[in-house]
Amino acid sequence: MITLSIIKADTGGFVGHSAVHPRLMAEARREIERAKSSGLLIDGHVESCGDDISLIMTHAYGQEAGLIHSFAWDTFQATTHLAKELGLYGAGQDLLSDAFSGNLRGMGPGYAELEFEERPSEPVLCFLADKTEPGAWNLPLYKMFADPSNTAGLVIDEKMHAGFAFEVYDLYEDRRIVFDCPAELYDMLMYIGAPARYVIHSVRSKTLGMTAAATSTQRLSLIAGKYVGKDDPVMIVRCQSGLPAVGEALEPFSFAYSVAGCMRGSHHAPFMPVATGQAHPSRFDGPPRVVALGFQIKDGRLIGPRDMFDDPAFDGARRQATEVMDYLRRHGPFEPHRLPLEDLEYTTMTSLTARLAHRWTPITTEVATPVGSRTE
Ligand code: F6R
Ligand code: MG
Ligand code: MG
């Protein structure tokens with residue numbers, strides 16, 4: 001068995017919240033090399049999306065392993081130290097605790113992990129996003145694993161025909177449920193159509209009995225009890241041979257669907273699939289970006305990556321994202337561009353409510369008639 005872990009954190013932005021400084025990337029890469037030579041990791045790769053650093057690692061320690069999580073924590077401490085030295089923006093913003101205690105659950109960094117028996121050929125996609133939330137993966141996971149219009153294999157591949165089991169987390173109540181699809185698809189859509197609260201955590205093949213996808217589901221805003229930045233999510237999707245083909249796993253991103261995030265984590269904006277070189281949200285801190293890194297895993301080694309959205313076939317989605325961004329921006333501070341009050345990441349409403357409390361009066365049935373419009 002090997003474990004593929006993506007552990008990510010925003011430890012300081014360059015410039016503002018738009019990207020990671022090259023020196024932080026170099027520091028993280030040095031740490032990964034050290035961990036490889038010490039034998040902790042089988043392999044590792046460092047990538048960024050927006051202002052988040054992702055450590056993509058293979059190892060033999062399983063999911064939620066103390067050794068791996070503490071290595072990531074220490075690496076993010078090191079990049080935070082550097083971020084402070086360079087005066088980068090929001091240095092250490094995702095490290096919510098002063099001390100590491102066992103694993104990263106509730107500590108700020110996000111992670112998606114998958115432990116599996118490596119197949120003779122193991123194609124895997126690692127999706128990294130910035131300026132959005134974990135529920136952003138609900139729509140593409142539904143399309144990849146449950147929508148025959150997206151994934152032809154659900155109909156014509158015998159190994160996929162029985163469908164997939166989706167594990168869904170309720171982030172508000174800290175509970176989970178498993179939906180058996182396609183039988184329970186409509187039940188599931190009722191929940192995952194509300195991605196701020198219900199998030200697909202993993203997907204399992206019913207025929208092959210293997211987990212095919214895993215997402216990061218930590219909500220920083222809820223963990224911290226106050227706004228500390230969007231918990232920009234990551235996702236692992238294993239592909240081919242009874243799982244969605246690479247092209248089926250990428251296909252949902254040919255549509256620049258709307259996600260929550262963008263400016264101040266408080267706006268709906270289109271999700272733009274980009275090559276790694278374009279993964280730097282600039283306009284209105286957006287549009288939110290997604291990159292896809294393809295690897296073949298061999299004896300735990302990460303062969304790759306291939307920059308999967310570096311393909312003109314996704315130009316249409318990028319154009320669409322730009323158009324949708326123009327359209328939504330024209331709403332200014334109005335919904336549906338701005339998120340509904342309960343999903344806003346900034347809390348002006350609390351102080352505003354207190355300040356204006358005494359100014360609100362009951363709406364009476366007697367409505368004063370404006371002078372001048374009286375008839376008698
Ligand atoms: C969104 C995000 C940014 C910031 C915005 C304001 O997830 O990180 O859009 O919310 O740039 O940042 P502050 O409040 O730090 O000035
Ligand atoms: Mg940031
Ligand atoms: Mg970010």
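Small disclaimer: the values here were computed from a predicted structure and weren't measured. One-based numbering, in listed order, for ligands and for the atoms of each. Values reported hereafter were calculated over all heavy atoms of this structure, with side chains retained and with hydrogens, waters and symmetry mates removed.
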| request: Answer yes or no: is there a donor N or O on one side and an acceptor on the other, between the side chain of Lys206 and the main chain of Ala162, under 3.5 Å? | output: yes
| task | Please state whether the separation between the Mg ion (ligand 3) and some N/O/S atom of Asp130 is under 2.8 Å? | result | yes
| remark: Answer key: the N, O or S atom of Asp52 nearest to the Mg ion (ligand 3) is OD1
| field | Atom name, Asp232 (N, O or S, nearest to the Mg ion (ligand 3)) | value | OD2
Out of all atoms in ligand 1, which are within 4.0 Å of some heavy atom of [X]? Include the element for each.
{"X": "Gly265", "value": "1 (C), 7 (O)"}
{"X": "Tyr89", "value": "13 (P), 15 (O), 16 (O)"}
{"X": "Cys262", "value": "1 (C), 7 (O), 9 (O)"}
{"X": "Lys131", "value": "1 (C), 2 (C), 7 (O)"}

| request: Is it possible for you to say whether Ile42 and Met57 belong to one hydrophobic cluster, with membership spreading through side-chain heavy-atom contacts below 4.5 Å? | output: no
| Presence of N, O or S from Asp51 under 2.8 Å of the Mg ion (ligand 2) | yes
| query | N/O/S atom of Asp94 under 2.8 Å from the Mg ion (ligand 2), yes or no? | reply | no
| task | Please work out which of Arg264, His17, Met263 has its closest non-hydrogen atom nearest to atom 8 (O) of ligand 1. | result | His17
| message | Please determine whether a side-chain nitrogen of the Lys or Arg among Lys298 and Asp43 lies less than 4.0 Å from a carboxylate oxygen of the Asp or Glu. | response | no
| Would you say Asp51 and ligand 1 have an N/O pair spaced under 3.5 Å apart? | no
| Picking from Leu293, Thr276, Leu250, Val291, what satisfies side chain to side chain contact (heavy atoms under 4.5 Å, CB included) with Met308? | Leu250
| task | Assess Arg289 against Phe271: is NZ or CZ under 6.0 Å from the centre of the six-membered ring, and within 45 degrees of the ring's axis? | result | no
| query | Looking at side-chain heavy atoms only, is the closest gap between Thr151 and Met160 below 4.5 Å? | reply | yes
| message | With a 4.5 Å cut-off on side-chain heavy atoms, are Asn150 and Pro252 touching? | response | yes
| task | For the atoms ND1 of His17 and OD2 of Asp10, give the angle they form at the Mg ion (ligand 2), rounded to 10 degrees. | result | 170°
| message | For a salt bridge (charged side-chain N to carboxylate O under 4.0 Å, His left out) check, start with the C-alpha distance between Glu251 and Lys143, then their side-chain angles and the critical distance, and finish with the verdict. | response | CA-CA 9 Å; Glu251 177 66 10; Lys143 286 196 174 185; over 6 Å; no
